[in-house]
Amino acid sequence: MQQFYIYTTKNLEAGDWNRVVFDGLYHDPSLLFDNDRLFVIYGNGDIRITELTPEATKVKENGIHRLLLSTASKNIRLRCEGCHAYKRNGYYYLFFIEWPADGNQRRRQICYRSKDLLGPYEMRVVLDDDMGYHNKGIAQGGIVDTKEGRWFALLFQDHDAVGRIPHLVPVSWRMIGLYLGPVERYQVNLFLLCLKLNKRHWLLVMSSNMKRINWP
């Protein structure tokens with residue numbers, strides 16, 4: 001069915017939910033709330049953006065509706081999809097899963113960043129790790145912050161017959177300055193978002209009776 005749905009309620013825990021139906025396929029969508037404007041960002045490889053009305057009831061007339069960016073396609077088994085979009089400190093961040101066909105050939109977490117919603121965007125691989133499990137990369141998910149100001153990414157890892165296992169990964173934001181070229185000597189501000197897999201990484205669900213069910 002070529003439709004896209006948004007559910008809203010005034011009471012998250014006990015309220016009635018209202019469903020709005022949009023015609024058309026919005027693959028792996030993410031809503032982005034930007035001040036008083038609302039967007040849906042979606043797609044596989046070719047990432048599109050459509051502006052909705054602030055009430056999320058329909059596509060905004062004469063609003064933005066266009067290709068936002070095209071992600072890498074060469075030597076890629078699965079192009080970027082599963083967008084999670086955020087705005088933080090004046091930057092727009094778009095998180096995706098990507099699965100390369102070369103290199104270690106495992107899923108990885110990608111982030112695109114821009115100061116302008118419509119780009120241009122710079123790209124970084126922000127997580128490429130399998131935690132020692134059969135080259136099964138951890139990726140596809142969103143980031144959240146706590147009341148204390150700590151940031152985490154909630155991602156998944158494919159554990160074969162067991163299914164997709166959620167992982168909670170601490171997020172560290174760092175800004176770095178990089179000088180490019182010995183002649184021009186101009187400074188470019190780049191971003192580095194580090195998803196740290198170490199002792200502060202938690203596997204959220206793992207049954208002791210199942211942890212080897214899909215191992216050879």
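Computed over heavy atoms, backbone and side chain alike; hydrogens, waters and symmetry mates excluded. Note that the numbering runs from 1 along the sequence shown for the chain. Since the structure is predicted, the reported quantities are computational estimates derived from the model, not experimental observations.
Put simply, the side chain of Tyr92 never gets that close to the backbone of Arg88: no donor and acceptor are under 3.5 Å apart.
Interatomic distance, Arg79 CZ to Ile47 CD1, rounded to the nearest 0.5 Å: 8.0 Å. For the atom pair CG (Leu78) and CG (Asn44), the distance works out to 6.0 Å, reported to the nearest 0.5 Å. Expressed to the nearest 0.5 Å, how far NE2 of His159 lies from OH of Tyr133 amounts to 5.5 Å. Interatomic distance, SG of Cys83 versus CD of Glu81, reported as 11.0 Å (0.5 Å rounding). Separation of atoms OG1 (Thr71) and CD1 (Ile76) is listed at 7.5 Å; rounding is to 0.5 Å. Taken to the nearest 0.5 Å, the CZ atom of Phe152 stands 11.0 Å off from the CG atom of Leu154.
In this structure, the side chains of Leu68 and Asp46 stay at 4.5 Å or more apart for every pair of heavy atoms. Looking at heavy atoms from C-beta onward, Trp151 lies out of side-chain contact with Thr146 at the 4.5 angstrom threshold. In this structure, Leu32 and Ile49 have side chains that are not in contact, with every pair of non-hydrogen atoms separated by 4.5 Å or more. With a 4.5 Å cut-off on side-chain heavy atoms, Gln157 and Arg164 do not count as touching. Val125 has its side chain out of reach of Gln109: every pair of non-hydrogen atoms, C-beta onward, lies at least 4.5 Å apart. No side-chain heavy atom of Leu94 sits under 4.5 Å from any side-chain heavy atom of His84.
Cluster annotation: Ile97 is not connected to Val126 through the hydrophobic network of ILVMFWY side chains, with a link wherever side-chain heavy atoms come within less than 4.5 Å. Hydrophobic clustering (ILVMFWY, side-chain heavy atoms < 4.5 Å, transitive): Ile41 and Leu31 are in distinct clusters. Under the 4.5 Å side-chain heavy-atom criterion for ILVMFWY residues, a single connected hydrophobic cluster contains both Met131 and Leu127. In this structure, Leu67 is not a member of the same hydrophobic cluster as Leu25, with clusters built from ILVMFWY side-chain heavy atoms closer than 4.5 Å.
The heavy-atom pair separating Trp99 from Arg107 by the smallest distance is CZ3-NH2, 3.5 Å. Ile143 and Tyr86 get closest at one heavy-atom pair: N-OH, 2.9 Å. When all heavy atoms are compared, the tightest approach of Ser114 to Gly119 is OG-CA, 3.5 Å. Considering every non-hydrogen atom in both Val40 and Pro29, the closest pair reads CG2-CB, 3.6 Å. When all heavy atoms are compared, the tightest approach of Ala153 to Val171 is N-CG2, 3.5 Å. The minimum heavy-atom distance linking Gly82 with Gln140 is given by the pair CA-NE2, 3.9 Å.
Judged as a ring pair (Phe, Tyr, Trp, His ring centres under 6.0 Å), and not counting sequence neighbours, the contacts of Phe96 are Tyr112. Every residue two or more places apart in sequence or in another chain that forms a ring pair (Phe, Tyr, Trp, His ring centres under 6.0 Å) with Tyr26 is listed here: Phe4, Tyr42. Remark: Asp145 engages no residue in a salt bridge (charged side-chain N to carboxylate O under 4.0 Å, His left out) (not counting sequence neighbours). Evaluation of the salt bridge (charged side-chain N to carboxylate O under 4.0 Å, His left out) rule for Lys87 yields Asp34 as partners, not counting sequence neighbours.
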Using residues 54-65 as the side-chain source, report each donor-acceptor pair under 3.5 Å to any protein atom, sequence neighbours left out, with the distance given to one decimal.
unit_1	atom_1	unit_2	atom_2	d
Thr57	OG1	Thr53	OG1	3.2
Lys60	NZ	Glu51	OE2	3.4
His65	ND1	Thr50	OG1	2.6

Less than 3.5 Å apart, which donor and acceptor atoms pair up between the side chains of residues 6-24 and the rest of the protein, not counting sequence neighbours?
unit_1	atom_1	unit_2	atom_2	d
Thr9	OG1	Asn11	N	3.2
Thr9	OG1	Asn11	O	3.2
Thr9	OG1	Asp16	O	2.9
Asn11	OD1	Glu13	N	3.1
Asn11	OD1	Ala14	N	2.9

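Comment: Asp130 does not engage Lys136 in a salt bridge, judged by the lack of any side-chain N to carboxylate O separation of less than 4.0 angstrom.
In this structure, Phe156 has its ring center no closer than 6.0 Å to that of His167.
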Residue pair Val169, Asp129: steps toward the side-chain contact (heavy atoms from CB on, under 4.5 Å) verdict: CA-CA 11 Å; Val169 184; Asp129 203 298; over 6 Å; no
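Counting only N and O atoms by type, the side chains of Asp128 and Asn104 include a donor and acceptor under 3.5 Å apart. When only modelled atom types and interatomic distance are considered, Tyr91 and Asp116 share no side-chain donor-acceptor pair under 3.5 Å.
Residue Glu98 forms a salt bridge (Lys or Arg N to Asp or Glu O under 4.0 Å) with just one option from Arg106, Arg77, Arg108, and that option is Arg108.
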